[in-house]
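Here is the structure we will look at.
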There are 2 protein chains.
Amino acid sequence: MTVTQVAKSKPGSVPDCSDEARQPLPDGRDRYTISEVAAFTGLSAHTLRWYERIGLMPHVDRSHTGQRRFTNRDLDWLAFVGKLRLTGMPVADMVRYAELVRLGEHTFSDRQELLESTRRDVLRRIGELRDTLAVLDHKIDTYADARRASERA
Amino acid sequence: MTVTQVAKSKPGSVPDCSDEARQPLPDGRDRYTISEVAAFTGLSAHTLRWYERIGLMPHVDRSHTGQRRFTNRDLDWLAFVGKLRLTGMPVADMVRYAELVRLGEHTFSDRQELLESTRRDVLRRIGELRDTLAVLDHKIDTYADARRASERA
DNA sequence: GCCTTGCCTGGAGTGCACTCCAGGGTTTTA
DNA sequence: TAAAACCCTGGAGTGCACTCCAGGCAAGGC
């Protein structure tokens with residue numbers, strides 16, 4: 001099939017997840033190879049295997065020869081994990097959430113709490129970013145003013 | 001003087017910068033020891049030295065015996081760096097900005113560009129976080145509904 | 001049949017942003 | 001004037017989240 005291996009988002013900065021070349025879902029099916037999922041999610045195949053190893057994925061189905069076959073449910077889960085990743089939640093905490101899901105319905109309240117605390121973090125971070133935006137705008141204005149002044153001179 | 005060494009923000013997650021015990025500025029002075037600055041900024045003394053080593057700080061003034069003496073200007077700079085850090089900007093890029101500042105006024109347009117691109121990143125991240133918030137709210141509602149239903153049963 | 005491409009595993013390596021250590025000098029407090 | 005607390009440097013160590021490697025199996029095209 002040959003789907004070109006994922007465009008790596010520059011490794012330094014905060015996880016990106018808005019990569020250009022996100023492939024559309026190969027329609028109607030429910031069994032995807034690892035490279036298809038990589039192309040769709042923007043994660044590398046390495047990362048997908050690693051997610052499974054550390055327990056961040058429910059164990060993925062295999063073909064009769066042992067190759068991974070991801071389902072639409074897996075893709076939904078990965079999309080949600082992507083959102084959590086955007087919040088800056090550490091992978092260990094996501095694994096904890098995944099464990100709660102595995103444990104079944106009696107962990108609903110724990111999961112709810114975890115998500116609510118995440119929600120609070122997100123609100124705080126949005127606030128911080130807004131403050132930062134104000135500072136940036138102020139500094140940008142300063143530079144723009146200075147340049148206008150020097151052009152007039 | 002003995003200012004207790006900085007409360008380290010949990011190392012895993014995204015930089016925090018909203019630590020509880022931020023000390024107020026020791027008023028009116030213009031020469032602060034490294035531990036005073038650490039208490040004030042929430043950065044560790046190690047990190048402050050490291051910032052200087054990698055060129056993220058203009059070279060800091062010294063006492064006659066070689067100990068660092070930070071000024072109010074340094075504190076302003078650190079506050080700004082803190083904002084940039086919140087955007088998720090890699091340290092290497094901040095160093096680049098610091099270099100531009102060192103190079104003088106003819107780098108105004110470069111600096112402005114750099115800040116504008118950062119500004120765009122911040123806007124994008126705010127958008128992502130808002131999307132994430134919607135997903136979280138939806139999931140939290142799901143759990144809350146499920147729990148209400150099971151209580152009624 | 002053979003070549004290319006894709007996938008598998010366990011484990012080692014990488015890059016970033018700190019964080020700590022050893023071994024020593026300095027300043028403040030009692 | 002001691003003890004305690006603080007600060008210095010260069011370099012090594014840490015934790016996180018990947019990222020890559022070696023060595024090998026499997027499937028499709030020619």
Side-chain angles (χ1 to χ4, degrees), chain A residues 1-17 31-39 41-57 59-70 81-82 84-96, chain B residues 1-17 31-39 41-57 59-70 81-82 84-96:
Chain A
M1 161 139 286
T2 312
V3 180
T4 47
Q5 198 78 330
V6 95
K8 57 181 165 187
S9 55
K10 57 181 173 179
S13 65
V14 170
D16 188 325
C17 223
R31 290 171 73 77
Y32 311 99
T33 67
I34 197 166
S35 66
E36 285 172 324
V37 176
T41 59
L43 299 166
S44 74
H46 294 304
T47 301
L48 289 168
R49 293 194 197 99
W50 178 66
Y51 276 7
E52 192 185 351
R53 246 196 306 208
I54 64 174
L56 186 49
M57 290 283 305
H59 272 302
V60 177
D61 213 26
R62 303 297 160 119
S63 75
H64 68 108
T65 57
Q67 296 192 196
R68 269 164 264 254
R69 292 295 177 260
F70 292 80
V81 165
L84 291 185
R85 208 170 54 127
L86 281 179
T87 69
M89 182 188 280
V91 167
D93 292 2
M94 296 193 247
V95 169
R96 170 157 193 66
Chain B
M1 161 140 286
T2 312
V3 181
T4 46
Q5 195 80 331
V6 93
K8 59 181 165 187
S9 56
K10 57 181 173 180
S13 65
V14 169
D16 188 326
C17 224
R31 289 173 72 77
Y32 312 100
T33 67
I34 197 165
S35 66
E36 286 171 323
V37 176
T41 60
L43 299 166
S44 74
H46 294 303
T47 300
L48 289 168
R49 293 194 198 99
W50 178 66
Y51 275 7
E52 192 185 353
R53 248 197 306 210
I54 64 175
L56 186 48
M57 288 286 303
H59 272 301
V60 176
D61 213 26
R62 303 296 160 120
S63 74
H64 68 110
T65 56
Q67 300 199 335
R68 269 164 265 254
R69 292 294 178 260
F70 293 79
V81 165
L84 292 184
R85 207 170 54 126
L86 281 179
T87 69
M89 182 187 280
V91 167
D93 292 3
M94 297 193 247
V95 170
R96 169 158 194 65

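Because the structure is predicted, anything quoted here is derived from the model rather than measured. A, B, ... follow the sequence lines: proteins, then strands. Residue 1 opens every chain. Note: hydrogens, waters and symmetry copies are ignored here, and every other heavy atom, side chains too, is used.
- Looking at heavy atoms from C-beta onward, A/L43 lies in side-chain contact with A/R85 at the 4.5 angstrom threshold.
- Checking the phosphate oxygens (OP1, OP2) of D/dC16, no side-chain nitrogen or oxygen of A/R85 falls inside 4.0 Å.
- Between B/R49 and the phosphate of D/dC8, there is a side-chain N or O to OP1/OP2 separation shorter than 4.0 Å.
- The interatomic distance linking B/I54 (CD1) with C/dT19 (C1') rounds to 14 Å, in whole Å.
- Taking atom CG of residue A/D61 and atom P of nucleotide C/dC7, one finds them 16 Å apart after rounding to whole Å.
- Within the 4.0 angstrom heavy-atom criterion, only backbone atoms of the sugar-phosphate kind lie near B/R62; the bases stay farther away.
- Comparing B/S63 and B/A92 by the nucleotide of DNA chain C that holds the closest heavy atom to each, the one mapping nearer the 5' end is B/A92.
- Spacing between atom CD1 of B/I34 and atom C1' of C/dT27 amounts to 16 Å, rounded to whole angstrom units.
- Minimum atom distance to the side chain of B/H46 is reached by C/dC21, of the listed D/dG10, C/dC21, C/dT9.
- Taking only side-chain atoms of B/T65, from C-beta outward, the nucleotide of C/dT9, D/dC8, C/dT27 with the closest atom is C/dT27.
- For a distance-only test at 3.5 Å, the side chain of A/R53 qualifies as a donor-acceptor partner of the base of C/dG11.
- With rounding to whole Å, B/R68 atom CZ is found 13 Å from D/dC6 atom C1'.
- Nearest to the side-chain atoms of A/Y51 among the listed nucleotides C/dC18, C/dC8, D/dC18 stands D/dC18.
- Put simply, A/T33 has no side-chain N or O that comes within less than 4.0 Å of OP1 or OP2 on C/dG6.
- When each of A/Q67, A/R69, A/R31 is paired with A/D61, the side chain to side chain donor-acceptor pair (under 3.5 Å) condition holds for A/R31 and for no other.
- Distance CG (B/L56) to P (C/dA17): 10 Å, rounded to an integer number of Å.
- The distance between atom CH2 of B/W50 and atom C1' of D/dT9, rounded to the nearest whole Å, is 17 Å.
- Here CZ of A/R68 is found 10.0 Å from NE2 of A/H59. Values are rounded to the nearest 0.5 Å.
- Taking only side-chain atoms of A/H64, from C-beta outward, the nucleotide of C/dC18, D/dA27, D/dT19 with the closest atom is D/dA27.
- Of the candidates D/dT19, C/dC7, D/dT9, the closest approach to any side-chain atom of A/Q67 belongs to C/dC7.
- To the nearest 0.5 Å, the span separating CG on B/L48 from OG1 on B/T41 amounts to 5.0 Å.
- Among the nucleotides C/dA17, D/dC8, C/dT19, the one closest to the side chain of B/P90 is C/dA17.
- Between A/L43 atom CG and D/dC20 atom P the separation is 14 Å, expressed in whole Å.
- By the 6.0 Å contact criterion, CZ on B/R96 is open, its count of non-hydrogen atoms from other residues, nucleotides or ligands being 12 or less.
- C/dT27 atom C1' lies 13 Å from atom CD of B/E36, rounded to whole Å.
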